[in-house]
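The structure appears below as structure tokens.
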Number of protein chains: 2
Amino acid sequence: MTPTLSQMICFALYSANHAMQRVYAPLLSELGLTYPQYLVLLSLWQEDGQTVGALGRALQLESNTLTPLLKRMEAQGLVTRTRDSADERQVRVTLTAAGLALQAQAEPLSACIFDRCALPPEQLAALRDAVTALRDQLRPDV
Amino acid sequence: MTPTLSQMICFALYSANHAMQRVYAPLLSELGLTYPQYLVLLSLWQEDGQTVGALGRALQLESNTLTPLLKRMEAQGLVTRTRDSADERQVRVTLTAAGLALQAQAEPLSACIFDRCALPPEQLAALRDAVTALRDQLRPDV
DNA sequence: TGCGATCCAATCGTGTGCGATTTAATCAAG
DNA sequence: CTTGATTAAATCGCACACGATTGGATCGCA
């Protein structure tokens, strides 16, 4: 028997992800950011100067997605993209002053989202860990 | 303090959703379907002849996403799109024989995905319900 | 009955995601 | 050295998502 839409874990993840993006979008828009651009910045604030490949591993995206996205961020003056002199195949992505400065402006966001979730911290952390574990289970080998 | 990427529930949902789509994609590709098209079919197999608006409420998508998607499915011969004669503003989406027939072919999919999740049914259902509850919490009013 | 407000779908432009391929740089084995 | 294999990014084409707007159809109320 074919299950209903709402019974499926895939649709739960699909629709929850979109709902989350819809909460973030208007807030990020004030900073001139899209949702994936914000995720890239989160990763760079954590560790600046990552290569495209390293960002891809962190965000679980390929260069065919990241390259145009990073070019738009470079055009906005948030990052610079420079070939690694030791290995010219790699491109390092480095925050500009403007990209660094956004961290302060984005800082209140996570608390705002946390409130919106309306869950005790432990429950939210448990949910996050369960979702992450499922994700890692679904990923090929690694 | 800015949290790390992996600490954020938003990234857990984002990456888990993508991981799920990456599991489905090659299987659906054999049926000539994309992931959102499969979700539309799930909804139509549950209730045929829904309007674009009703499908949008079920899938939580707007007409600007659904209309082109449904046109592609119509071009593939999976559904028909007809204006409701009682209210010409509405468009009813109805399964063709081919669209109905796909249900049998897609039937093994959900079990296949379930195995991939490698979780006991109760745990998977609990996770699904928690994700769904969070999604509904994030949705505006309703 | 008329006419403005509302509702539904469609259209348009932009930004992802991703399969498939290409280009350039590095590595490895002889 | 050199040449074939591997690796890293970029490119291309297509299918979503979605904000903003448009065009018809229906509704509500004087």
Side-chain angles (χ1 to χ4, degrees), chain A residues 13-30 32-40 50-57 59-76 78-79 81-93 139-140, chain B residues 13-30 32-40 50-57 59-76 78-79 81-93 139-140:
Chain A
L13 292 170
Y14 172 87
S15 54
N17 175 48
H18 286 152
M20 186 64 85
Q21 293 204 32
R22 285 175 201 129
V23 175
Y24 270 103
L27 306 172
L28 290 172
S29 161
E30 296 178 20
L33 294 175
T34 66
Y35 189 68
Q37 287 171 3
Y38 172 64
L39 296 180
V40 166
Q50 291 181 72
T51 63
V52 172
L55 276 173
R57 282 185 293 280
L59 300 172
Q60 302 179 24
L61 294 171
E62 303 287 327
S63 68
N64 51 6
T65 298
L66 280 174
T67 297
L69 194 160
L70 292 169
K71 280 187 174 179
R72 280 186 284 269
M73 294 179 74
E74 186 177 42
Q76 285 189 255
L78 300 176
V79 300
R81 299 160 57 250
T82 49
R83 291 269 163 195
D84 186 312
S85 54
D87 183 346
E88 293 270 339
R89 288 174 303 182
Q90 299 186 118
V91 167
R92 292 207 172 273
V93 182
R139 294 183 54 187
Chain B
L13 292 171
Y14 172 87
S15 54
N17 175 48
H18 286 152
M20 186 63 84
Q21 294 203 32
R22 284 176 202 126
V23 174
Y24 270 104
L27 306 172
L28 290 172
S29 162
E30 296 178 20
L33 294 174
T34 65
Y35 187 70
Q37 288 171 4
Y38 172 64
L39 297 181
V40 166
Q50 291 181 70
T51 64
V52 172
L55 276 173
R57 282 185 292 280
L59 300 171
Q60 302 179 22
L61 294 172
E62 303 287 328
S63 68
N64 50 6
T65 299
L66 280 175
T67 296
L69 193 161
L70 292 169
K71 281 189 175 179
R72 281 186 285 271
M73 293 178 73
E74 186 177 42
Q76 285 189 253
L78 300 176
V79 300
R81 296 160 58 250
T82 50
R83 291 269 163 199
D84 186 312
S85 53
D87 184 346
E88 293 270 339
R89 289 174 303 182
Q90 299 185 117
V91 168
R92 293 207 171 274
V93 183
R139 301 220 302 158

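Only this structure's heavy atoms are used, side chains among them; waters, hydrogens and symmetry mates stay out. So you know, we letter chains A, B, ... as the sequences are listed, proteins then strands, and number each from 1.
At whole-Å resolution of the value, CG in A/N64 and C1' in C/dT22 are 13 Å apart. Going from atom CG of B/L69 over to atom C1' of C/dA10 covers 14 Å, rounded to whole Å. Whole-Å rounding puts the B/M20 CE to C/dG17 P distance at 17 Å. In this structure, the OH atom of B/Y24 is 19 Å from the C1' atom of C/dG17, given to the nearest Å. For the pair B/L28 CG and C/dC18 P, the computed distance is 14 Å after rounding to whole Å. Between the CG atom of A/L59 and the C1' atom of C/dG17 there is a distance of 13 Å, given to the nearest Å. Taking atom CG on A/L33 and atom P on C/dT14, their separation rounds to 19 Å, with Å as the unit. Protein atom NZ of A/K71 is 17 Å distant from nucleotide atom C1' of C/dT14, rounded to whole Å.
If B/L61 and A/R92 are placed on DNA chain D by their nearest nucleotide, the residue sitting closer to the 5' end is A/R92. Positionally, the nearest nucleotide of DNA chain C for B/L70 lies more toward the 5' end than for the other of B/L70 and A/T34.
Not counting sequence neighbours, B/R22 has no partner by the salt bridge (charged side-chain N to carboxylate O under 4.0 Å, His left out) test.
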Go through the steps to decide whether B/L66 and B/L59 satisfy the test side chain to side chain contact (heavy atoms under 4.5 Å, CB included), and finish with yes or no.
CA-CA 9 Å; B/L66 280 175; B/L59 300 171; 4.1 Å; yes
What verdict does the side chain to side chain contact (heavy atoms under 4.5 Å, CB included) test give for B/Q90 and B/R83, after you've listed the backbone C-alpha separation in whole Å, the side-chain angles of each residue and the deciding distance to 0.1 Å?
CA-CA 6 Å; B/Q90 299 185 117; B/R83 291 269 163 199; over 6 Å; no
Would you sort out whether B/Q50 and B/L55 count as a side chain to side chain contact (heavy atoms under 4.5 Å, CB included), showing the intermediate values?
CA-CA 6 Å; B/Q50 291 181 70; B/L55 276 173; 3.9 Å; yes
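At a threshold of 4.0 angstrom between heavy atoms, the contacts of A/S29 with the nucleic acid are absent. Residue contacts shown for B/E62 are absent, as no nucleic acid heavy atom lies under 4.0 Å away.
A distance of 14.0 Å separates CZ of B/R139 from CE of A/M20, quoted to the nearest 0.5 Å. Interatomic distance, OG of B/S63 versus CG of B/L69, reported as 12.0 Å (0.5 Å rounding).
Without hydrogens or angle criteria, B/Q21 side chain to A/Y14 main chain gives no donor-acceptor distance under 3.5 Å. No donor-acceptor distance shorter than 3.5 angstrom exists from the side chain of B/S29 to the backbone of B/A25, with no hydrogens or angles considered.
Contact annotation: A/T65 side-chain N/O to C/dG17 OP1/OP2 distance is not under 4.0 Å. Taking side-chain N and O atoms only, A/Q37 has a distance below 4.0 Å to OP1 or OP2 of C/dT16.
Side-chain contact between A/T51 and A/V91 is absent, with no heavy-atom pair separated by less than 4.5 Å.
Taking the 5' to 3' direction, DNA chain D first and last meets chain A under 4.0 angstrom from a heavy atom at D/dT7 to D/dC18.
For the segment residues 81-89 of chain A, residues with any heavy atom less than 4.0 angstrom from an atom of DNA chain C are, sorted by number, A/A86, A/D87, A/E88, A/R89.
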